Structure formats: structure tokens, C-alpha cells
Amino acid sequence: MKQSLSALALSLLALSSAPIQANPKNIQQAPDMESIVVTGTKTARQINEVAASITHIDSQQIDGLISANIRDLLRYEPGLSVEGSGRFGLSGFNIRGINGDRVLILIDGVPVADEFSFGPNLSSRRDLVDIDLLQSVDIVRGPASTLYGSDAIGGVVAFTTKQPVDFISGGQSFGGRIKAGYASQADESVVNGVLAGIYNDWQWLLNGTYRDGAQTETFFDDDLQGDMRQSADPQSNQSVSVLAKLIYQPSETHRVEWVAESATSDATTDLQSEVTQVVRGGLNLSSQGFDEQDRERLSVNYRYTPNNIGSLVRMNWLGFYQQANTEQHSELTRVSLAPNSSPFFRTRDSFFEQTSYGLHGQFDHQFSGWGQHYLIYGLSIEHTESSSVRKGQTQDTISGASLPEFSVFPARDFPISTLREQSLFIQDEIQLLDGKLRLSPGIRFDDFTLTPELDPIFVGANPGVVVAEFADRQFSKKLGAVYSLNPDYSIWLQYAEGFRVPPMDDVNVGFTNFRGRYTSLANPDLKPESVTSVELGFRGHFQSVMWSLSAYQNRYDDFIESLAFVGFAENGFTQFQAQNIDKVDIKGIEGQLTWYLEEAFTQAEDWQLMGSFSVQDSENRQTGQALESILPAQWVLGLQYQDHTAPWHLELTLTHGRQAKLLTDNDDNLFFRAPSYTTLDLLGHVQILPDLSVNFGVFNLTDKQYWMASEVRGLAASANVGRFTATGRNASANIILNF
């Protein structure tokens, strides 16, 4: 943490962030310039009223960032990243060093399906959200289980889709837009179209996106095969996303919204990096992957807003059904190194399916008593069924004869599992001292049961494996406080707790590799992961400067390490099993600043200097090591002329990332450490006509070779890391026509 503190002084001079939408002419109206967010409190609040660190990105910024995927959304957000690369693409979010299913992802309040990976041929990921369907993105940094339950142990990413009124001007009944774009980093073309209408009490919207692209390029471009290949494996991918909304609002009191969403993607990958490799005495002659993923959602949201009836100001009910499927087919041709061997052809088919449905209810009350109160309480009921199956066969390519397998097929690596969750929550926002002090205590109770179902496929592949039901209850508490020192400065403090239910494949797993002589053991005695977080922050503005600074410490208990080595069986097989780690600490400092230069330099009209930074540190208190997923320190500095609301603007952004941390002092010669890097990007926007605009960007202007730390995590220092480099100089652009 010494490095964190020593870097703070420099960071305060070089703070940067994505542009804060504001009018420098009215800098004294700071509260009105803050973004309105709901995610952090489940109520509409300005960011400066919330005792938490929240990032808000609106649709205008999404277009202005020329975002092609969820990773591009966070390009200039230190402390946040999106992980994943290669055949299976982007996986999920990393918030302050916590990743995977420990981060809750919502789309219109509906949880996105879990991430699940097993072996080299199955990796079901969570990136099947098209950014052109989105109205906004809110990211809560840190635990949020009091309001959102399990899986919010690291934070929340809440996507909100577009509404009909986003495309209809005052007095009109019909509108829409067409967007076309191109991103050279993946040779991707995109077309998005929106139609929206209003007729009497009804509103409707149709929004669709088609994307066609290739592999995300590395810094290198070669045609080598095997371990020495440095360019990305060739890939072709397409995706189609469709969103339909129908809204009935006969009055200000009642509003019903029906949503249907469908997202599909498929990719074909020629795994040239695996060709010529020798695996278990066999030489790879070819390797290909064919992957499909789809997600479908139906939801209905009813909102009741009474007219001055008691203290009730709002009631909201959300019901949903969602199904997500991943199918991944692998084809491999290999030949044994033994003399006179003939090639053999192997296929592996992996499937992961998750179906969920649920009902969420929330009631909002506003009343006076000991201060001014805004009380919310509600309930949540969710039912999630997960299943996975693997199939495979091997044939001699000359004779066509089937060859013996060393695993049983078909096989399930965990039994069909059903997770049932019921919860109650309550939170009160209390304003005291004439509104200078805002307190927000809250508590949540969750009851969850994981029930496995034995079937012939699981039993046949895992004879003798015993599975067990898992049940537990959890309380989560929080207390937030925001105090306005004066109209320009405020201080906030938050204590928050979070938890995560053990994953179904850690509680009940069944897999034995007889050739590799290793086995995975179930662990029904796992405890839920939990976290306590304390965060202190300051926000303020003076004359031409807006800034924020926060420091946090998160202590995780019973952190789950999947497939940890636990010893050897009597038959000599190596045994792996999920284990709880006693203590993991993560601490850090974050800040951001926007400086409207016009106030300081009379010749600098409409110029803004923006900055942000994030510095993190961690420790596994059981081993003394740093947490593997911790993010290196990062600084971003941007100089912008005007903002996205102006007829045109330019923005030059510098990003600096520190060298990745060592897990221990002895790892310097064992593992590759992503070196420090500095990149420069140029973004711009031109309003050609009132309804026609162009956004463009050139990224990595200096063509810098660098690595994202998350993509080389765990690689040996002697490994070929060229294939994991980030893209060199690349460009993106989109054109938008509103009508």
C-alpha cells in the first residue's frame, strides 16, 4: 500500500475519467450536473447524494466512445475491466480485483446467466449483451448484496435498455434511428436500427443489431502455427440482437411494460496456435472450434405511482423468464508419435444451459418523523436451473473405426442443479440537519437452497459419487452516510456486507481423468463467501473544478478457490476440490477530476481537462500472496474540446498502466508480468446535420506493444506471450441518422 500512497500525490495532478456531461457556463450548479442513477440505492438519486462509488455511462457516451463491445465501454475507467480473449471471447467484469460470477450483471433488473467453464472445450461466458440496445450502464464498485443479494459480492453492472421516448421528439408520434459502424481491431461491421412510436396510451419500440467480424487482432501479424504463433487465431463471428418493448400507460398512476429480448452469436475459430503442438504423445494436425450462444428473455414490469395516497409513492413489480444456452463443438486431428501410426479424428461437444424465472417487488414510502424519510422494502423470489453435458468420440481417419475413449461419454460434470432463492430487504434514507446529513441503513435476509438431481448421465459418468443438497441463510447489512460540509463539498462513508452462494459445480462436481490420473471431488461443506467493506469518500467542486476521491478496504472471508490441490487418493490419483480461503484483503484508492479550463484561462473556452486513477493492493492472508485477479494501478488523462452535446468535439486521451504485481517476491522469474504501458487515443464527433452525426476514434496512436494484465495472468515467464498482446494502432467510426 506504500506504492498506493506515494502515487496519490502524482495522481491528484493527473486525474482522468470518461467525460462528465456538464455545461461549464453553469459550473456553480453542480448538483444539477450529476448523473441520475438508480442502481446504487434502488431509487433515483444524483451521484453526489449516494454513499458509494458509482460509474454512470449514458447512450450518448456509448456512441461517442465508438464502443463495439462491453470492454470498450470501460476503456477509460480505471479500477474496472472486462476480461477474456481468444476463441471464447470476452468473459465478464473485474471490479476492484473481483471477477467472474462474484460480479452481478443485470439487464433491466434481470440477472444475466452465470459464467461456467470446464476443461479446454467449454467456456460459457457473460458478454451476450449488445451495447446498441442500451440506454445506460451503471456500475456499483464494491459489495451491494443488501439490495441485490448473492453474486453482488464484488459489485453490480446494471444495463438499462432504450425506451421509445428516447427517439421521439416532443409532439411527434413516430421516430427512430439507423446506425452503421466499423471497428478495425476485429474487422467488424455493425448495423443497428430502431423504430419507436406512441399512440394514445401505448408506446412501442423495436431495436435490432447485426454484427459481422473476425478475431480481435494482437499487435503481431504472422502465419505461424503452434507455440510460436503471435497473431490471433483466425475467427469468423456473427451476432444478432433484437429488443421489443410494448408499454401501456393510461395515466401517471399506472404503467405496464412488456419486454422480449433475443441475442444470438456464433463463431468459427481455426486454432492455428494448437497445430504442431505435442499433447500426451500426439501431434496436433488441425484444431477448430464452432461455438454458438443464445439468450432469450421475457419480462413484464408494472409500476404504480399513487396520487397523494398516504406515504406510498411507488410500487414496482418485475416478473421475468430467461434462458441462456451455450453449445461448443471442437474438432481435432492428431497423430501419435509412435512409428507407423495413422491419424485420428476427435470431436468434443459441450453444452451449458441455464433457465431462470423470478418475481421482484419493491415498495417506496416517503414520510416525515425523526427527519425526512424515504423508505424502501421489497422481496425477491428466483428459481434457477443449470445443466451441462459433454459428448465426444474418436475415430481412425483411415479405417473409420471408433477408438477407445479414456472418459465416459456422455457425461455431466455436475448434476442438474436447481437454486431457489427467497429474500426480503429494507432500506431507509433519512435526511437530518436540514438535509445536510443523509443516512441510509439497510438490511437483507436471503434464504437459498441448492438441490441436485441425479440422472443416468451423471451416474453413468461418475459411479459412486455422492451429491448433497446445500442450504443456508444469510443476513447482509449496510450503513451509508453523506454529509454536506457546505454547498460545495461533501464527505461520505459506507459500511457494506456481501455474500455469494457456493457455485453448483463446486458443491457437487464429478470428473475423473483416468489417463491423466486426476479427479475432482465434491465439497458440500463449503461456506458462502462473504465480505465486509468500508469506504470513505470526498466530493466537491470549486470554481472550475469538480473532483472526487475515495479509499476502501474490502475483507473477504471464506473466499472459494475452485479445484484446489488437496492430496492423493489411495489409487495414486491427484485430487482437486473447492476450498474456502480464510481471509482475503483488497484495499485501494480511486479518484477523478474535471477541470473546465475556461474559468482559469480566458482563451480556453470550452476546453476541459479530465482525469482519473485507481490504485489497488491485496493479500491472501492464508498464504501471504497477492490476489491473482488484482488490477494494476492505472491513470487516465484526457483533454477535450466541448462535449458530446456540442456540434463537434475532439478528445485526446492518455492511458498509463503500471506493471502487474507479483503474487510473491519469488515469482519474478517464474511468471510473466505485464509491463507498464502508455497509450494515446484520439476521439471525435461531428454533427453534420441536425439529425446526422459521425463519431470516430483512432486508438493506440503510437502503435504501442502492450498487454492487459488479465490476459497473461498465470503465464510462465518463458511462454510465448506475443499472442496475448493488445491490438496495435486501430480505428473505429460510426454514423447515426435520427428520424
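Quick caveat, the model's predicted, so the values are computed rather than measured. Side-chain atoms are counted along with the backbone in the values below, which use heavy atoms only and exclude waters and symmetry mates.
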Are P111 and Y148 packed together at the side-chain level, in the sense that at least one heavy-atom pair is separated by less than 4.5 angstrom?
no
Got a salt bridge between R71 and D127, using NZ or NE/NH1/NH2 to carboxylate O under 4.0 Å?
no
Establish, from distance only, whether the side-chain atoms of N700 and N730 form a donor-acceptor pair under 3.5 Å.
no
Which is it for E261 and V110 under the side-chain contact (heavy atoms from CB on, under 4.5 Å) test, yes or no, and what are the steps along the way?
CA-CA 12 Å; E261 181 194 7; V110 178; over 6 Å; no
Does some side-chain heavy atom of L593 sit less than 4.5 Å from a side-chain heavy atom of F613?
no
Do V615 and W635 come close enough that some side-chain heavy atom pair is under 4.5 Å?
yes
Please check this pair: side chain of R729 against backbone of L701, looking for a donor-acceptor N/O pair closer than 3.5 Å.
yes
With sequence neighbours left out, the residues meeting salt bridge (Lys or Arg N to Asp or Glu O under 4.0 Å) with D130 are R211
Less than 4.5 Å apart, any side-chain heavy atom of F174 and any of F739?
yes
Set of ring pair (Phe, Tyr, Trp, His ring centres under 6.0 Å) partners for W202, sequence neighbours left out:
Y248
Distance-minimising heavy-atom pair for N554 and S533
OD1-OG, 2.5 Å
Would K162 and L133 count as a side-chain contact (heavy atoms from CB on, under 4.5 Å) if you check the C-alpha gap in whole Å, the side-chain angles of each, and the deciding distance to 0.1 Å?
CA-CA 6 Å; K162 290 182 167 71; L133 304 185; over 6 Å; no
The salt bridge (Lys or Arg N to Asp or Glu O under 4.0 Å) partners of R141 (sequence neighbours excluded) come to E77, E590
Quick one: list whatever passes salt bridge (Lys or Arg N to Asp or Glu O under 4.0 Å) with D294, sequence neighbours left out.
none
Is it true that a side-chain atom of E535 and a backbone atom of Y552 form a donor plus acceptor pair closer than 3.5 Å?
no
Taking every non-hydrogen atom, the tightest pair across R126 and V112
NH2-O, 3.9 Å
Per the side chain to side chain contact (heavy atoms under 4.5 Å, CB included) rule, which among I131, V157, D58, L74 passes with V137?
V157
For the residue pair T655 and Y76, establish whether any side-chain heavy-atom pair is separated by less than 4.5 Å.
yes
Closest non-hydrogen atoms of I247 and P164, given as atom of the first, atom of the second and distance, are CD1-CD, 3.8 Å
Quick one: list whatever passes ring pair (Phe, Tyr, Trp, His ring centres under 6.0 Å) with Y677, sequence neighbours left out.
Y706
Atom pair OG (S732) and CZ (F696), whose distance is rounded to the nearest 0.5 Å:
12.0 Å
Tell me the closest heavy-atom pair linking F219 and D703, and the distance in Å.
CE1-O, 3.2 Å
Which of these, N734, I736, I688, sits in a side chain to side chain contact (heavy atoms under 4.5 Å, CB included) with V694?
I688
Test salt bridge (Lys or Arg N to Asp or Glu O under 4.0 Å) on D233 and R87 and set out the steps.
CA-CA 8 Å; D233 288 323; R87 168 184 173 179; over 6 Å; no
Could you verify whether a donor N or O on one side chain and an acceptor N or O on the other, from T161 and D108, lie under 3.5 Å apart?
yes
Gap between atom CZ of F159 and atom CG of L134 - 0.5 Å precision:
6.0 Å
Is it true that a side-chain atom of S629 and a backbone atom of G97 form a donor plus acceptor pair closer than 3.5 Å?
yes
Expected output: side-chain Q293 to main-chain R125 donor-acceptor under 3.5 Å
yes
Residue pair M546 / S548, side-chain heavy-atom distance below 4.5 Å:
no
Does S53 reach the side chain of W492, with side-chain heavy atoms less than 4.5 Å apart?
yes
When you measure from the side chain of R295 to the backbone N and O of V129, does any donor-acceptor pair fall under 3.5 Å?
no
As an exercise, state the distance from CG of L73 to CD1 of I62, rounded to the nearest 0.5 Å.
5.5 Å
Scan for side-chain hydrogen bond (donor to acceptor under 3.5 Å, both in side chains) pairs involving residues 168-183, sequence neighbours excluded, and state none if there are none.
D63-R177, D63-K179, D132-K179, Y182-D187
When rounded to the nearest 0.5 angstrom, what is the spacing between CH2 in W595 and CE in M610?
13.5 Å
Where the side chain of D101 meets the backbone of E115, is there a donor-acceptor pair that is under 3.5 Å apart?
yes
How about T269 and Q235: does a side-chain donor come under 3.5 Å of a side-chain acceptor?
yes
Side chain to side chain, V156 and D151, heavy atoms closer than 4.5 Å
no
Distance-minimising heavy-atom pair for L683 and L65:
CD2-CA, 3.9 Å
What pairs of donor and acceptor atoms, side-chain ones from residues 189-199 against any protein atom, are under 3.5 angstrom apart with sequence neighbours left out?
{"residue": "N192", "atom": "ND2", "partner": "N207", "partner atom": "OD1", "Å": "2.8"}
{"residue": "N192", "atom": "ND2", "partner": "G208", "partner atom": "O", "Å": "2.9"}
{"residue": "N192", "atom": "ND2", "partner": "T209", "partner atom": "OG1", "Å": "2.8"}

In sequence, state the C-alpha distance, the side-chain angles, and the governing distance for L536 and I491, and then conclude on side-chain contact (heavy atoms from CB on, under 4.5 Å).
CA-CA 8 Å; L536 175 66; I491 181 173; 4.0 Å; yes
Starting at OG of S550, measure out to CZ of F538 and round the result to the nearest 0.5 Å.
10.0 Å
Residues in ring pair (Phe, Tyr, Trp, His ring centres under 6.0 Å) with W648, at least two apart?
Y641
Side-chain donor-acceptor distances from residues 78-85 under 3.5 Å, at least two apart:
{"residue": "E83", "atom": "OE1", "partner": "N99", "partner atom": "ND2", "Å": "3.1"}
{"residue": "E83", "atom": "OE2", "partner": "N94", "partner atom": "ND2", "Å": "2.8"}
{"residue": "E83", "atom": "OE2", "partner": "N99", "partner atom": "ND2", "Å": "3.4"}
{"residue": "E83", "atom": "OE2", "partner": "R713", "partner atom": "NH2", "Å": "2.8"}
{"residue": "S85", "atom": "OG", "partner": "E711", "partner atom": "OE1", "Å": "3.2"}

List for me each residue that meets salt bridge (Lys or Arg N to Asp or Glu O under 4.0 Å) alongside D72, sequence neighbours excluded, and say none if there are none.
R75
Whether N237 side chain and A214 backbone form a donor-acceptor pair below 3.5 Å
yes
Pairs touching residues 234-246 that satisfy salt bridge (Lys or Arg N to Asp or Glu O under 4.0 Å), sequence neighbours left out
K245-E257
Verify side-chain contact (heavy atoms from CB on, under 4.5 Å) between F93 and I70, making sure each step is shown before the conclusion.
CA-CA 9 Å; F93 293 86; I70 56 176; 4.1 Å; yes
Q215 (side chain) donor-acceptor with E217 (main chain) under 3.5 angstrom
no
Hey, could you give me the CD/NE2 distance between Q642 and H649, rounded to the nearest 0.5 Å?
9.0 Å
Can you name the nearest heavy-atom pair linking S265 to L128, along with the distance?
OG-CD1, 3.7 Å
Suppose we screen for ring pair (Phe, Tyr, Trp, His ring centres under 6.0 Å). Which residues come up paired with F724, at least two apart in sequence or across chains?
none
